[in-house]
Structures are given as C-alpha cells and as structure tokens.
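Every chain is numbered from 1, with letters handed out A, B, ... down the list of sequences.
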Amino acid sequence: MRITLQQAAFDPGQETAGFGQGRADVGAVVTFTGLVRDDSGKMQALDIEHYPGMTERAITAIAEQAISRWSLADCLVIHRYGHLAVGEPIMMVATAARHRADAFAAAEFLMDYLKSRAPFWKKEIGPDGESWVAAKDSDEVALTRW
Amino acid sequence: MRITLQQAAFDPGQETAGFGQGRADVGAVVTFTGLVRDDSGKMQALDIEHYPGMTERAITAIAEQAISRWSLADCLVIHRYGHLAVGEPIMMVATAARHRADAFAAAEFLMDYLKSRAPFWKKEIGPDGESWVAAKDSDEVALTRW
Amino acid sequence: MVEVLYFAWVRERIGLARETVQTDAATVADLIEQLKARDPRYAAAFADVAALRVALDQDLADFAAPLAGVREIAFFPPMTGG
Amino acid sequence: MVEVLYFAWVRERIGLARETVQTDAATVADLIEQLKARDPRYAAAFADVAALRVALDQDLADFAAPLAGVREIAFFPPMTGG
C-alpha cells in the first residue's frame, strides 16, 4: 500500500510502472485518474485545500478497508493539493487483485469514499472570480452501494 | 480510439502516457491491465491463439459500442497473442470520459466483451503438459448486465 | 467452395488449421454433419456442438444460419480473451 | 481549551484558519451556539449547520457528539475530494 499526498504534479503512467506486475497471484490491475475538467470553458485553475493530518488518516482508513474487503495484493492512492491547471491529473488510485471484478469494485469504492470522506475542498478560479465546488448529492448516494 | 494487436510485450504505463490528459472535457481516466496469473504455482507460460482478421473486427466493434454508449473522449485496447510468461501483461483497456461513472462502466463493459466475444483462446503450459483454459459461465453471465 | 478454419482444441483434434471444402450444405448444422461423416477426427471435434462456436465471414453466428454466399467459416471453442 | 480549525468557505467567512478556544460546551452543537453568539462572522459561517461537517480529533463526528477529552475540532463544508 502506498498513499501519497503532494502539491507537485505527477505522471500516472510513471507512478504505476510495474504496479502489480511480476507476481503470480495478480491477474488484474485497475487505475483511475481524476483530471481537472472545465465545463464552462472559462476556468483558469483549480485550488485544492485539505486538512493536513486528517487527510492522511482518512485516506489510510479508506485504503485499509478496500484491501481487507477485496483481498487486494496492492493498493495505491495519490492526491494533490494546491494550485492545478485545467487538464492536469488531480489524483489517482490503483488496485491489484486476483480477479477483475475485485480490482474494479475496490477502485470504485476508493473513488466513492475519497470523493465524500477525505477532507479536500475544491475551488474553481475563473475570470469572474472564485467559487467553491459544491458536493453533489449523487456522490453521497454512491456511498450507499457499498 | 486505438486498437493494437501484438505479439510483443508492452508497458501499460508507457502505453497510457498522456492518455486523456491535457483536454478540458476529460475528468476521468480508467485503465485495466490483465496479467498472466498462476494459481497452481506450476504454470510455465501462457499461449494465446487468435483469429487474425476477425480479432481486429470484433475488438473494433466492441470499442465503437463503448464509445457511443458512454460518450467516451478516448478509448484504447491492446491485446497480445503468442507466448507469455507468468506476471506479464496480457492486455489492457483505457477509457477517458467526463465523469468517473462512465469511464468505469465503459472499461468494465470492454473487459466483459473482450473476455467472451473476442476470438482469443488461452492455453496453459505446465510441467505435466498443456491444457486449454475453459470459458467460465460467470463470464457469460457478466454480459447480461449490459 | 468455402474456407473452413479451426481454432484451439478444434484445430488440434482435426489436425488442421484450415482447409477448402466443397459443400452443398444449406446451414452450418448441415456442414457439421457432412464433416462428422468424413472421419473420426472430425467426429471427435464436433461430438458436442454445445461446446462449439461458429463465425461466418468473421461474425459470430448460430448453427441454424444459412451458408449461402458465405466464403469463410470458422469453428472454435468459447472464447477466452481478456 | 480546544484548537478549532476552519476550512474552505467556513474559514473564509470567519476570517481565520484556526484558533484556540476556551469553552465549557458539552457537545459540538453547544460549541456552535457559543461561537455564533460571538460576532456576525461566526453567525454567518454557522447559519446553516446542515451545510457543515465536523471532525473531532480528525475523525468525522456528528453535532451531538460530546467534547470531553477532545483536543482538536474542525468545521468544514461537505468534502469534494477525488
């Protein structure tokens, strides 16, 4: 298990180089990368605030839950904070398991929980000012499936 | 959309370098990598046979269905054939979409269809001989959810 | 005249990867009966058609499908890709 | 004495990221009432508690939770990670 919280940009391909590979007991690796999207066509950047200390605790607890629930061989979470440009990776998760159903389910579980239970807050910076991104009801509903 | 059928090994990280990135309309990238697993502890290699011509047709049709059904911004399928060692990547899919639910669903759809509808046949090579991998009923059942 | 292709254990049982077949079979099922009558290797390969799949001109089909106009027929076990 | 932390728009409305608070509040809800009574910035930040979340010593909690033994309390809007 590796959990990394960082301000710097990262390369999803490099971060997962060799992840879950070269082991006889891993048949499936799933990765998810979240990128800064601009639906308005006017966004200049995304600022991500977090709660140092609690962030690491919360992500570790979520990852440990995923590992035990789906017997993961490995699990990776990277999340950035600070100032991000449109198109840049914000975060990623990776899961390695024996079968594809487990690797997929664990990655979706991690994403659903990181969305609503890890202390990050996003603010969109545009030409007309700044605005905090509101949590979506659908993200809260997504948790009920686990 | 990129579909690659090859005998040579590939690096999942390198293949997805920049995939779905630097675009304002992509918020989510999912990758799946299938690796040669050895449950018996005695497998020496995996031989993959395919149907040249039909393989490309079938994968293209599956990928086009995924793209139109989930409005994917991009889609990648790589599948190997020939002689593979334990732990090596067999194949991968990658999907890029606006939202995570679409990227996950499209990647799982691609996997379910590639498992049972793309003309590949796996044979396990061990110290006591060779045996064709039997299709699993559960893989056929998985198709009914789409 | 059709090209008939065999894959995986179907190929191994028949001992051929492909052959050109002269046939007047109307459907896939008819062709299978003609092939089974040829010799024991074919009879063994086609013994349990429930364990077989067929593609006509590289599209999956069923055993009742007509062969009129078809140029390439392939027989193989259920696929195990991914 | 507890450390009280504010994040995102809660921090912006109050104008502080953290402060040490002397309180005898028994629960989170009691503390919120005491803070609201301080000045309009706190009243604005805590106007709609349904829009707020609270963590006690870095674990999510609810507003009825007791404060006995708690050293760090954080108030923030629903999280938007991932």
Side-chain angles (χ1 to χ4, degrees), chain A residues 9 11-43 46 73 85-101 103-105 107-112 114-115 136 138-139 141-142 145, chain B residues 9 11-43 46 73 85-101 103-105 107-112 114-115 136 138-139 141-142 145:
Chain A
D11 177 332
Q14 273 182 20
E15 296 289 347
T16 49
F19 180 86
Q21 284 178 50
R23 299 176 51 141
D25 63 339
V26 171
V29 168
V30 169
T31 74
F32 175 91
T33 306
L35 304 145
V36 182
R37 206 179 65 235
D38 175 19
D39 287 332
S40 67
K42 295 197 292 184
M43 202 167 97
L46 188 70
V86 172
E88 283 189 354
I90 301 172
M91 53 82 63
M92 77 173 300
V93 304
T95 56
R98 196 170 281 272
H99 301 288
R100 75 184 188 284
F104 271 119
E108 294 193 62
F109 169 91
L110 286 168
M111 285 311 304
D112 285 352
L114 290 171
K115 276 272 167 193
K136 283 186 277 183
S138 59
D139 284 332
V141 170
R145 63 171 161 158
Chain B
D11 176 333
Q14 272 182 22
E15 295 290 346
T16 48
F19 180 84
Q21 284 177 50
R23 301 176 51 143
D25 63 339
V26 170
V29 168
V30 169
T31 75
F32 175 90
T33 305
L35 304 146
V36 181
R37 205 180 66 234
D38 175 20
D39 288 333
S40 68
K42 295 197 292 184
M43 203 166 99
L46 188 71
V86 171
E88 283 189 355
I90 301 171
M91 52 83 63
M92 76 174 300
V93 305
T95 56
R98 195 170 282 273
H99 301 288
R100 76 184 188 284
F104 271 120
E108 293 192 62
F109 169 91
L110 286 168
M111 285 310 305
D112 284 353
L114 291 169
K115 276 272 167 194
K136 282 185 278 183
S138 59
D139 285 332
V141 170
R145 63 172 161 158

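From B:Thr33, atom OG1 reaches atom CD of A:Gln21 across 7.0 Å, with rounding to the nearest 0.5 Å.
Neither the backbone nor the side chain of A:Ala17 comes within contact range of chain B; no heavy atom of the residue lies under 4.5 Å from a heavy atom of that chain. With a threshold of 4.5 angstrom between heavy atoms, A:Val30 approaches chain B through its backbone and through its side chain. When heavy atoms are compared at a cutoff of 4.5 Å, A:Glu108 approaches chain B by way of both its backbone and its side chain. Using a 4.5 Å cut-off between heavy atoms, A:Val93 does not touch chain B at all. With a 4.5 angstrom heavy-atom cutoff, A:Ala107 touches chain B via backbone and side-chain atoms both. Interface residue B:Asp25: only backbone heavy atoms are found under 4.5 Å from chain A.
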Practice prompt. Dump the intermediate steps for side-chain contact (heavy atoms from CB on, under 4.5 Å) on A:Val29 and B:Met92, then the final yes or no.
Written response: CA-CA 9 Å; A:Val29 168; B:Met92 76 174 300; over 6 Å; no
Practice prompt. Applying side-chain contact (heavy atoms from CB on, under 4.5 Å), run through A:Asp139 and B:Arg100 and close with a yes or a no.
Written response: CA-CA 11 Å; A:Asp139 284 332; B:Arg100 76 184 188 284; 3.1 Å; yes
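By number of non-hydrogen pairs under 4.5 angstrom with chain B, the leading residue of A:Arg23, A:Met111, A:Glu88 is A:Met111. Counting heavy-atom pairs under 4.5 Å between each of A:Ala94, A:Gly18, A:Pro89 and chain B puts A:Pro89 at the top. Each of B:Gly27, B:Gly87, B:Ala142, B:Gly13 has some count of heavy-atom pairs under 4.5 Å with chain A, and the biggest count is that of B:Gly27. Among the candidates A:Thr16, A:Asp39, A:Val86, the residue making the largest number of heavy-atom pairs closer than 4.5 Å to chain B is A:Asp39. Your options are A:Gly20, A:Gly22, A:Ala103, A:Ala24, and the one with the most heavy-atom pairs under 4.5 Å with chain B is A:Ala24.
For the residue pair A:Arg37 and B:Arg98, the shortest heavy atom distance occurs at NH1-O, 3.1 Å.
Note: A:Phe32 and B:Phe104 have parallel aromatic rings, judged against thresholds of 30 and 60 degrees for the angle between ring planes.
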